[in-house]
Amino acid sequence: MDLGLKGKTALVTASSKGLGKAIAHELSAEGCNVAICARNLVPLKETATEIANATGGKVLPVKADVTSRKQIESLVQTVKDNFKRVDILVCNAGGPPLGTFDKLDESDFKWALELNLTSTINLCRLVLPSMKKRRWGRIINMTSISAKQPLENLMLSNTTRAGVLGFSKTLASEVASRGITVNCLCPGYTMTDRLKNFAKDLSKSSRVSVGQIFNSWQRAIPANRLAEPAEIGYLVAFLASEKAAYITGAAIQIDGGFTRGLL
Ligand SMILES: NC(=O)c1ccc[n+]([C@@H]2O[C@H](COP(=O)([O-])OP(=O)(O)OC[C@H]3O[C@@H](n4cnc5c(N)ncnc54)[C@H](OP(=O)(O)O)[C@@H]3O)[C@@H](O)[C@H]2O)c1
């Protein structure tokens, strides 16, 4: 199937490693010009080179922290200067730390909202005017299965991701008639550095070994394995494509069957 992505420009935030990197890789493999960002420039540049060497595509690394309004304004401008426009926006960010309500204070909630919700809203605001003019756009907001089925010890993620779902669903209906789709992805347990660090932190606080933690996650997943980051990239590439023009306002879990709800 030709996804019709050749020559489109994609901006994938928080993408020097993990899910963002896998998504950028897949969009580049499908023929998009891709801009990637992260806070640390050295690994970001290495990732850009790695993807460009593998796909033969153009990959632009831009240092930016998605929680800084100024930096994302400059990020979007840099992408436009280099690739003329943003056709596809993938809003990804780092994940908030573990914690139950008792262990978190107001500043933790404010920071997590900035990281995962406000950054998404601000990025959408920056790219939407030109998408509306061209009557074409794809926005894919990265959340987590925690938006559909809250996870233990992840109060901040459970709270902020639900906000992203509400924002995205509302925005989707406001821009659908302009050829712009807005969808959320809700990945389950996926083998990235964040998940490995998450397992280490849980191990310290519970005295259960990292191996046992991974085994317990695996047992809870009907597919009996964790996701590979590339599998998230394939789904994003489809949602970004011409073929997915009629999918909007969706929150799609990709979790090996982990989420048990019917909707
Ligand atoms: N892995 C999973 O199982 C899973 C499942 C569901 C949802 N998620 C969510 O998906 C997102 C990505 O997770 P991941 O597992 O891919 O994490 P990861 O492997 O730790 O990668 C995070 C990436 O985001 C960048 N980043 C972090 N904070 C940033 C910021 N403020 N501004 C710009 N870039 C930033 C990091 O680079 P720098 O540090 O250089 O900035 C890095 O490139 C997180 O929100 C996570 O909670 C993950």
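Both ligands and their constituent atoms are indexed starting at 1 by order of listing.
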I'd like to check whether L19 has a polar contact with ligand 1, where a contact means an N/O of the residue lying under 3.5 Å from an N/O of the ligand. yes
Would you say D201's side chain and K196's backbone share a donor-acceptor pair under 3.5 angstrom? no
Check each atom of ligand 1 against the heavy atoms of S16 and keep those under 4.0 Å away; list them by number with element. 37 (O), 42 (C), 43 (O)
Which residue holds the protein heavy atom closest to atom 39 (O) of ligand 1, what is that atom called, and what is the gap in Å? R39 NH2, 2.8 Å
Under 4.0 Å, heavy atoms only, figure out whether ligand 1 is touched by the backbone of K63, its side chain, both or neither. neither
Those atoms of ligand 1 less than 4.0 Å from some heavy atom in A38: 33 (C), 34 (N), 37 (O), 38 (P), 40 (O), 41 (O)
For W217, give me all partners under ring pair (Phe, Tyr, Trp, His ring centres under 6.0 Å), at least two apart in sequence or on another chain. Y189, F198, F214
Quick one: does T190's side chain have a donor or acceptor within less than 3.5 Å of a partner on G188's backbone? yes
Hey, is ligand 1 close enough to G94 that some N/O pair sits below 3.5 Å? yes
T143 touching ligand 1 at heavy-atom level, < 4.0 angstrom: yes
For the residue pair S144 and S157, confirm or rule out a side-chain donor-acceptor distance under 3.5 Å. no
Distance filter under 4.0 Å to L115 heavy atoms, resulting ligand 1 atoms: 31 (N)
Atom 31 (N) of ligand 1: which protein heavy atom is closest, and how many Å away? D65 OD1, 2.9 Å
Heavy atom under 4.0 Å from ligand 1: found in N197's side chain, backbone, both, or neither? neither
For ligand 1, is there an atom lying under 4.0 Å from some heavy atom of A64? yes
Under 4.0 Å from a heavy atom of L195: which atoms of ligand 1 are those, numbered in the order shown and with their elements? 3 (O)
Backbone of L3 reached by a side-chain donor or acceptor of K243 within 3.5 Å: no
Going by the order shown, which atoms of ligand 1 are within less than 4.0 Å of some heavy atom of K17? 19 (O), 20 (O), 21 (O), 42 (C), 43 (O)
Can you sort out which atoms of ligand 1 are near R161, meaning under 4.0 Å from one of its heavy atoms? 9 (C), 44 (C), 45 (O), 46 (C), 47 (O)
Which residue and atom name correspond to the protein heavy atom nearest atom 17 (O) of ligand 1, and how close is it? R194 CB, 3.3 Å
E242/K8 salt bridge by N-O under 4.0 Å criterion: yes
Near G95 (heavy-atom distance under 4.0 Å), the atoms of ligand 1 are 44 (C), 45 (O), 47 (O)
Regarding D108 and K103, does a basic nitrogen lie under 4.0 Å from an acidic carboxylate oxygen? no
Going by distance only, is there an N or O of A93 that falls short of 3.5 Å from an N or O of ligand 1? yes
Given I23, V90, L123, D65, the one that forms side-chain contact (heavy atoms from CB on, under 4.5 Å) with T13: L123
Whether T13 lies under 4.0 Å from ligand 1, heavy atom: no
Protein contact to atom 3 (O) of ligand 1 [nearest heavy atom, distance to 0.1 Å]: T190 N, 2.8 Å
Any side-chain donor paired with an acceptor under 3.5 Å for T120 and N141? no
Is there a donor-acceptor pair under 3.5 Å between the side chain of R39 and the backbone N or O of V66? no
What pairs with F238 under ring pair (Phe, Tyr, Trp, His ring centres under 6.0 Å), at least two apart in sequence or on another chain? none
Students should be able to answer this: which protein heavy-atom is nearest to atom 14 (P) of ligand 1, and at what distance? T192 OG1, 3.7 Å
Tell me whether ligand 1 is touched by P187 - counting only heavy atoms on the residue side and a distance under 4.0 Å. yes
Got an N/O contact under 3.5 Å between N40 and ligand 1? yes
What protein heavy atom lies closest to atom 35 (C) of ligand 1? Include the residue and the distance to one decimal. A14 CB, 3.8 Å
Just how far is it from atom OG of S119 to atom CG of L113, taken to the nearest 0.5 Å? 10.0 Å
Less than 4.0 angstrom from a charged side-chain N to a carboxylate O is my criterion; do K110 and E114 meet it? no
Which of the listed options, V66, L156, N92, T160, holds the heavy atom that is closest to atom 32 (N) of ligand 1? V66
For D2 and G4, indicate whether the former's side chain and the latter's backbone hold a donor-acceptor pair under 3.5 Å. yes
Any heavy atom of G188 closer to ligand 1 than 4.0 angstrom? yes
What's the shortest heavy-atom distance between L5 and L27, and which atoms? CD1-CD2, 4.2 Å
Subset of ligand 1 atoms that lie under 4.0 Å from at least one heavy atom of Y189: 3 (O)
